[in-house]
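A quick write-up on the structure given underneath.
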Protein chains: 2
Amino acid sequence: MPKLGMEPIRKAALVKATIVEIGRAGSLDVTVSQIAKRAGMSSALAHHYFGSKEDMFLAAMRHILSLYGAEVRGALAAAGDAPEARLQAILRASFSPGNFRREAVGAWLNFYVLAQTVTEARRLLSVYQRRLRSNLMSDLRLLVGPRAPAVAAALGALIDGVYLREALKDGPPDSAAAVAVVMEFLTTELGKQS
Amino acid sequence: MPKLGMEPIRKAALVKATIVEIGRAGSLDVTVSQIAKRAGMSSALAHHYFGSKEDMFLAAMRHILSLYGAEVRGALAAAGDAPEARLQAILRASFSPGNFRREAVGAWLNFYVLAQTVTEARRLLSVYQRRLRSNLMSDLRLLVGPRAPAVAAALGALIDGVYLREALKDGPPDSAAAVAVVMEFLTTELGKQS
DNA sequence: AAGTTTATTGACTCGTCAATCAACAAAAAG
DNA sequence: CTTTTTGTTGATTGACGAGTCAATAAACTT
């Protein structure tokens, strides 16, 4: 009983299922059948809409990164002009419960691995890193002047590191704790002992 | 022409080959045959000495972590008693060219992924993290007192994050740059603007 | 109504790979 | 010098999984 206009619905379901399955498995070793099953369709249909497994992975990556981008953009728009507030907004968005869920974090780690072999995945991650860096820099320049590049590099790496450790630890993710770890660095760096 | 006492030699060759192959491939998707070939033997022999592929991976992990542990221990022994010097020693050891080679960094990232699925791998990583934390804490307590736990958490995550970014970027690894990123954080945190 | 496009799947192909086995060789033990 | 232990491999097994295909059906077009 084929309804028309299924394509976007199916694709969205597959993207979501891909992220969940990668997060569950904790690796890219998930079969197209697993993903398709979770999305409620046959593996053949998954291949019909995305040409290949790799394309599914890339679509899932784009989805996660675009969610993240939207979250940051929104937080920045609501943060006004004060550089400290903007930096805090970026950090809170980075660890907002939306991005900082088990499956998302597990998937994210595996996208780093994917970027080792798949050029397009690497490109996507680079774009995200550059955007983050440029966001951080514009506010840091106003606050720490010439030390901005070094601070931005450390902040970027620190965010990734917190994600990495979250993927390893057991128990539910803790946004607040993650933000606290990064804020420890940031407040000291800005010279205001909280 | 079988020489006797091959076991340790073969095992060492396999461990080394495992690390290289994982680093090259940028994923755990390496075949036992590839590893065995690089180590100069048949895949059957690899299975003979290690019971399974997973055992090879774990042996490789233990090897990398024990190299790292030895490096840190050595650096600490040579660092005297001054807490600042000891912290610097840990950082420099963490990014010493011995650990901070392409293959090792690539393999290390993939061991994080392995830890998602293989309990023993997770255990090994936890041990390493606990040891690092305890090393950092003992010196940080003397320097930043009650803030030691927070600073140690951030430092640990930062080190992992720098590794992670190293795995993604192209071009040869740069120990000095990596140390500089972390030192930016540490010197500010210790209150001495370099 | 006939033809075309879209949705959907079960069955199949084809390759890959971990793990096992049978067999052979050389050294050590008796 | 025979028996056991250690080292070694080519060939094989058995499973699994990505991607293809033919077939079926509902909807849209003319």
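Reminder, nothing fancy here: chain letters follow the sequence lines and each chain counts from 1.
One finds the CG atom of B:Leu65 at 10.5 Å from the CD atom of B:Gln129 (value rounded to the nearest 0.5 Å). Here the CG atom belonging to B:Leu142 is positioned 10.0 Å from the CG atom belonging to B:Asp81, to the nearest 0.5 angstrom.
Under 4.0 Å is where a charged nitrogen must lie from a carboxylate oxygen, and between A:Arg62 and A:Glu120 at least one such pair does. Taking 4.0 Å as the cut-off between side-chain N and carboxylate O, B:Arg10 and B:Glu7 do not count as a salt-bridged pair.
Residue A:Tyr49 places at least one side-chain N or O under 4.0 Å from the OP1 or OP2 atom of C:dA7. Proximity of A:Arg10 to the phosphate of C:dT6: no side-chain N or O atom is located under 4.0 Å from OP1 or OP2.
Checked against C:dA19, C:dA7, D:dA18, the side chain of B:Ser52 finds its nearest nucleotide in C:dA19. The side chain of A:Thr31 has D:dA18 as its nearest neighbour among D:dG7, D:dA18, C:dC17.
Counting to the nearest Å, the C1' atom of C:dC17 and the CD atom of B:Gln34 are 11 Å from each other. If you take CG of B:Leu4 and P of C:dA26, they are 13 Å apart, rounded to a whole angstrom. In this structure, B:Asp29 atom CG and D:dC16 atom C1' are separated by 13 Å, rounded to whole Å. In this structure, CD1 of A:Ile35 is placed 14 Å from C1' of D:dG19, rounded to the nearest angstrom. Rounded to whole Å, atom C1' of C:dA18 lies 16 Å from atom CD of B:Glu21. Remark: P of C:dA19 and CZ of B:Phe57 are 10 Å apart, rounded to the nearest angstrom. In this structure, CG of A:Leu28 is placed 15 Å from C1' of D:dG17, rounded to the nearest angstrom. The CE-C1' distance, from A:Met6 to C:dT8, rounds to 12 Å in whole Å.
Scanning both residues, B:Ala25 and A:Thr117, for their nearest heavy atoms gives O-CG2, 3.0 Å.
Within the structure, the salt bridge (Lys or Arg N to Asp or Glu O under 4.0 Å) test picks out no pair touching residues 49-60 of chain B (sequence neighbours left out).
Side chain to side chain, A:Tyr68 and A:Ser96 fail the donor-acceptor criterion of an N or O pair below 3.5 Å.
Taking for each of A:Val32 and B:Gly5 the nucleotide of DNA chain D with the nearest heavy atom, the 5'-most of the two is the partner of B:Gly5.
Annotation: proximity of residues 36-48 of chain B to DNA chain D (heavy atom, distance under 4.0 Å) is found for B:Met41, B:Ser42, B:Ala44, B:Leu45, B:His48, numbered in ascending order.
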